[in-house]
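The structure under discussion appears below in the form of structure tokens.
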Amino acid sequence: MGEAPVIYVENLKDRFSDGFNLRFKGFETSIDVGDKTFVIGSNNNDSISSIEVQIYDKSKGKWVIPTVLGTEPKRYEGHSAILLNEDRIMVITWGSTPDDCIWFLEVDTEYVKQQKKASGTEVVAWSKGVRGDAEKPVVISGPSGVGKGTLINMLMKEFPTMFGFSVSHTTRAPRSMEKNGVHYHFTERSIMEKDIKDGKFLEFASVHGNLYGTSTEAVEAVADSGKRCILDIDVQGAKSVRASSLDAVFIFISPPSVAKLEERLHLRGTETQEQIQKRLRNAKAEIEQGKSSGIFDHILCNDHLEKCYDDLKKLLGLDGTTSTNPKPSSKGINLPSKHAASKINNKILIESETPGSGNPSKNSIVLDVSLLKGGAPSRTRGLNVYAVDPNPFSDSLNGIHKLS
Ligand SMILES: Nc1nc2c(ncn2[C@@H]2O[C@H](COP(=O)(O)OP(=O)(O)O)[C@@H](O)[C@H]2O)c(=O)[nH]1
Ligand SMILES: Nc1ncnc2c1ncn2[C@@H]1O[C@H](COP(=O)(O)OP(=O)(O)O)[C@@H](O)[C@H]1O
């Protein structure tokens, strides 16, 4: 019945007899994917346990240390690992907090394939698993001076518990009213370039001569607070996000005319004449791309501000026809601190007591992974959690019931 059970590696040296010396002093699991074996080890150094990944390439008879992207799980007592769909390994950590116990190590997803191609090295990527679905992030693009910031501020002011702003990084100098960490993370080009190389950015682009980018962390911080994420990014950035695993709503704000755009930039008074001219030159190409590239789901013209704001609220379902209460932040999963896990089709059974004894033990739960969405470089969403009834003759359907 069960397929792909969790593998606990007891003696890897017996299995791989090429003199490989495991560096892990803690707990290891090993999973075969095609002709590669992924060994995931937790290293217990002092009080901190960190996780490491090594790959044994069976066709070449060689060990490889991959480039590891994303934020990895930290501080846990052990883990179980299960292969899903041949492209990601689910890692369930022991003794972690409820919002930090389900992780995915992507080994052959589209994102990992792209990163392997770009870097020419072996790559794996971590993504944290979260329950349920948060509402889709909103990407807002448009030329400089069109009113993106104004519209976003109006939305955040009217619905403060519903929306959270993704704070981008930029190498441009702050304007007099801008605060570091609120409007942007103002940074040095060399630091930002290194972070981009280390895979910390969901997207980045050179805009009007400066570097701008959305870190994965910026988007995750908003999602973790249970709010809907708003991204103010340029058209190139929107294109990159479209190609990424982030499932978002894309909105382009267009000006009534380039002359009006120029007038607004002059009135705003935050740029020099030379900078305004540069922004206007770029605006023409952006408007053309915004309207014709197929990147955007919606195009709104910001002629009269109030009218444009009403249109924006309408397409976000905030025109009074839907509830404007914030969604509760995604809940964690209460796992038994020590457990064993096994996979049956798209369901992972997590048992707190002796596994394989026939009946599921008390406190067992089932994770349904059939509706997973997203993934590295962001969260993996859509996990559903069910409690297992230890008494199969009780009233609940099939002995399991969904936990809300
Ligand atoms: N790709 C990308 N573009 C960004 C990001 N943050 C801001 N931008 C865009 O960079 C451009 C310039 O932004 P900014 O310097 O704040 O000037 P403003 O648009 O005139 O207020 C705008 O088109 C923004 O949408 C980001 O993280 N990624
Ligand atoms: N519909 C509008 N009509 C007139 N002025 C506007 C309108 N929308 C925004 N503005 C003004 O235009 C300037 C640029 O808006 P801003 O939100 O900073 O643009 P962006 O963030 O797209 O660069 C601001 O001074 C803002 O008050």
Side-chain angles (χ1 to χ4, degrees), residues 137-157 165-180 182-187 192 195-196 200-219 221-222 229-244 246 248 250-272 275-287 289-290 295-296 300-312 377:
V138 183
V139 171
I140 297 195
S141 281
S144 179
V146 75
K148 302 178 298 294
T150 307
L151 289 161
I152 291 170
N153 284 340
M154 289 166 86
L155 210 51
M156 306 260 297
K157 210 168 164 194
F165 186 61
S166 156
V167 182
S168 294
H169 282 63
T170 182
T171 59
R172 91 148 156 74
R175 294 173 187 153
S176 60
M177 299 302 285
E178 286 177 333
K179 287 200 189 106
N180 191 25
V182 176
H183 299 93
Y184 281 105
H185 297 290
F186 295 99
T187 180
M192 191 160 163
D195 287 347
I196 289 170
K200 293 189 180 162
F201 281 81
L202 184 65
E203 63 78 31
F204 62 92
S206 175
V207 192
H208 317 313
N210 284 301
L211 209 51
Y212 292 79
T214 310
S215 69
T216 309
E217 179 146 15
V219 176
V222 177
C229 186
I230 304 186
L231 293 89
D232 172 348
I233 58 176
D234 87 315
V235 176
Q236 306 166 72
K239 201 172 171 182
S240 305
V241 175
R242 227 340 160 201
S244 80
L246 193 77
F250 293 77
I251 302 169
F252 185 78
I253 313 288
S254 83
S257 66
V258 176
K260 279 269 171 80
L261 203 58
E262 184 165 8
E263 192 183 303
R264 287 180 196 174
L265 283 172
H266 279 297
L267 282 173
R268 189 171 72 181
T270 49
E271 272 75 30
T272 63
Q275 285 167 338
I276 290 178
Q277 288 313 317
K278 193 177 208 178
R279 282 163 188 258
L280 288 173
R281 277 195 301 276
N282 293 340
K284 289 175 192 148
E286 283 177 297
I287 295 167
Q289 276 197 50
I295 299 169
F296 295 94
L300 294 180
C301 177
N302 182 18
D303 191 354
H304 301 287
L305 183 60
E306 287 303 330
K307 162 86 175 61
C308 185
Y309 181 56
D310 282 347
D311 291 345
L312 176 64

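Since we're looking at a predicted model, the values are computed, not measured. Order of listing sets the numbers, starting from 1, for every ligand and every atom in it.
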Specify side chain, backbone, both or neither for Gln236, according to which of its non-hydrogen atoms lie closer than 4.0 Å to ligand 1.
-> neither
What protein heavy atom sits nearest atom 16 (P) of ligand 2, and how far away is it?
-> Thr150 OG1, 3.5 Å
Is it the case that Arg268 and Thr270 place a side-chain donor and acceptor less than 3.5 Å from each other?
-> yes
Examine ligand 2 and decide if any of its atoms is less than 4.0 Å from a heavy atom belonging to Gly142.
-> no
For the pair Glu203 and Lys239, find out whether any cationic side-chain nitrogen is under 4.0 Å from an anionic carboxylate oxygen.
-> no
Any N/O pair Glu178/ligand 1 closer than 3.5 Å | no
Side chain, backbone, both or neither: which part of Leu267 comes within less than 4.0 Å of ligand 2 when only heavy atoms are counted?
-> neither
Taking all non-hydrogen atoms of both residues, which atom of Pro143 and which atom of Ile253 are closest, and how far apart?
-> CD-O, 3.5 Å
Would you mind listing which atoms of ligand 2 come within a distance below 4.0 Å of any non-hydrogen atom of Leu305?
-> 1 (N), 8 (N)
Which ligand 2 atoms are under 4.0 Å away from a heavy-atom of Ser144?
-> 23 (O)
Asn153 near ligand 2 by a heavy-atom separation under 4.0 Å = no
Give a yes/no verdict on whether any heavy atom in Pro143 is under 4.0 Å from an atom of ligand 2.
-> yes
The protein heavy atom nearest to atom 10 (N) of ligand 2 is Arg264 CD, 4.0 Å
Check: Arg268 N/O within less than 3.5 Å of ligand 1 N/O = yes
Going by the 4.0 angstrom heavy-atom rule, the piece of Arg175 near ligand 1 is side chain
With atom 8 (N) of ligand 1 as the reference point, say which of Leu202, Asp232, Val207 has the nearest heavy atom.
-> Asp232
Please state which part of His169 comes within less than 4.0 Å of ligand 1, counting heavy atoms only: side chain, backbone, both or neither.
-> neither
Counting only heavy atoms, which portion of Glu271 has something under 4.0 Å from ligand 1: side chain, backbone, both, or neither?
-> neither
